[in-house]
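As structure tokens, the structure follows; a few thoughts come after it.
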Amino acid sequence: MIRVLLVDDQPLIRSGFRALLDGEDDIEVVAEAANGAQGVALAKQHRPDIALVDVQMPFVDGIEATRRIAADPDLAGVHVVILTNYGLDEYVFNALRAGAAGFLVKDIEPEDFLHAVRVAARGDALLAPSITRKLIDRYVTLPPDTGTGTGLDELTNREREAVALVAQGLSNDEIADRMVISPLTAKTHVNRAMTKLHARDRAQLVVLAYESGLVTPRGGVTDR
């Protein structure tokens, strides 16, 4: 059973999502919150698998709520998915940087929404290749931040290659094909890289890969 926490200041939005989710045999809405502070408190109380969090809310917004959840070791199993009305707005990259596993636009088709919840529950990032490219084009335009260590030196060459491919939006199966290895080995490379870089999920790997300069916005892999 996938346990979901809804965090949105609009009751009508919450009720719509709840009706859709509760209609599925494998999904259960365990709690609802009207702002980020309540969402963090309920996440601690219920330990859901997924927290669907609106990006703009009173008192504590979705980005700060995401940051608090991601910073709490007891909530490491909670995957935050940001909800937005605006698609690729200025909040999305900050949300990913804060620890979100991905994001969804609120006008998503119901079947796509349910699929996305299940994908996030597996621990996969909600970042399709097209979304990744848009994020790169719009947000990753500054030079890499060389002032902060990212742990890239701890990665093996194969792990660095796997991270670069994750940053291009590839799945484990696609990474395996590109690297000519098994999907299990690809998953192992990605998971080890996540551990070494202290990344919660694949979305964080995308952020780290571009911020560190491992991959350039044009899709090239650097020698960093």
Side-chain angles (χ1 to χ4, degrees), residues 2 49-51 66-67 69-73 75-82 92-104 115-137 139-140 142-224:
I2 300 172
D49 301 299
I50 303 293
T66 298
R67 186 176 293 111
I69 290 173
D72 190 334
L75 301 180
V78 179
H79 304 289
V80 178
V81 176
I82 291 291
V92 169
F93 189 72
N94 288 334
L96 294 175
R97 191 195 305 266
F103 67 94
L104 296 173
H115 173 70
V117 168
R118 294 183 175 103
V119 167
R122 294 199 303 264
D124 294 334
L126 294 173
L127 291 172
S130 60
I131 298 297
T132 303
R133 284 193 294 271
K134 289 179 182 178
L135 283 170
I136 295 163
D137 291 340
Y139 295 110
V140 192
L142 299 176
D145 183 1
T146 57
T148 57
T150 60
L152 288 179
D153 291 343
E154 298 182 22
L155 301 184
T156 66
N157 289 336
R158 296 298 264 175
E159 289 166 355
R160 288 164 67 94
E161 184 178 356
V163 171
L165 294 173
V166 168
Q168 295 174 32
L170 273 63
S171 67
N172 285 342
D173 288 344
E174 292 168 332
I175 291 172
D177 288 341
R178 187 74 64 87
M179 296 178 65
V180 195
I181 55 179
S182 72
L184 179 59
T185 301
K187 182 177 180 180
T188 298
H189 286 323
V190 172
N191 288 345
R192 286 178 177 170
M194 287 170 57
T195 299
K196 292 179 180 179
L197 297 176
H198 306 290
R200 284 172 59 94
D201 51 38
R202 298 169 77 93
Q204 291 268 285
L205 281 185
V206 172
V207 174
L208 288 170
Y210 285 96
E211 287 191 333
S212 67
L214 174 63
V215 179
T216 68
R218 295 299 180 186
V221 179
T222 71
D223 294 327
R224 291 177 59 80

Worksheet, complete the sentence: Taking every heavy atom of A120 against every heavy atom of H79, the minimum-distance pair comes out as O-CD2, 3.4 Å
Practice prompt. Mind listing the closest non-hydrogen atom pair of I82 and A100 along with its distance?
Written response: CG1-CB, 3.9 Å
Side-chain donor-acceptor pairs under 3.5 Å in residues 184-193, sequence neighbours left out?
{"unit_1": "T185", "atom_1": "OG1", "unit_2": "S182", "atom_2": "OG", "d": "2.9"}
{"unit_1": "T188", "atom_1": "OG1", "unit_2": "L184", "atom_2": "O", "d": "2.9"}
{"unit_1": "N191", "atom_1": "ND2", "unit_2": "K187", "atom_2": "O", "d": "3.4"}

Worksheet entry | Heavy-atom closest pair, residues G99 and A70 | CA-CB, 4.1 Å
Worksheet, complete the sentence: Shortest non-hydrogen pair, M179 vs E161, comes out as CG-OE2, 3.6 Å
Discussion item. Is there a side-chain contact between L197 and L155 in this structure, where contact means two heavy atoms from C-beta onward sitting under 4.5 Å apart?
Written reply: yes
Worksheet item: Looking at V78 and A51, what are the two nearest heavy atoms and their distance?
Response: CG1-CB, 4.0 Å
Practice prompt. Identify, with sequence neighbours excluded, every residue that meets side chain to side chain donor-acceptor pair (under 3.5 Å) alongside R118.
Written response: E24, D26
Worksheet item: Taking it one step at a time, do L208 and H198 satisfy side-chain contact (heavy atoms from CB on, under 4.5 Å)?
Response: CA-CA 10 Å; L208 288 170; H198 306 290; over 6 Å; no
Worksheet entry | Rounded distance [0.5 Å steps], CZ in R158 versus CD1 in I175 | 11.5 Å
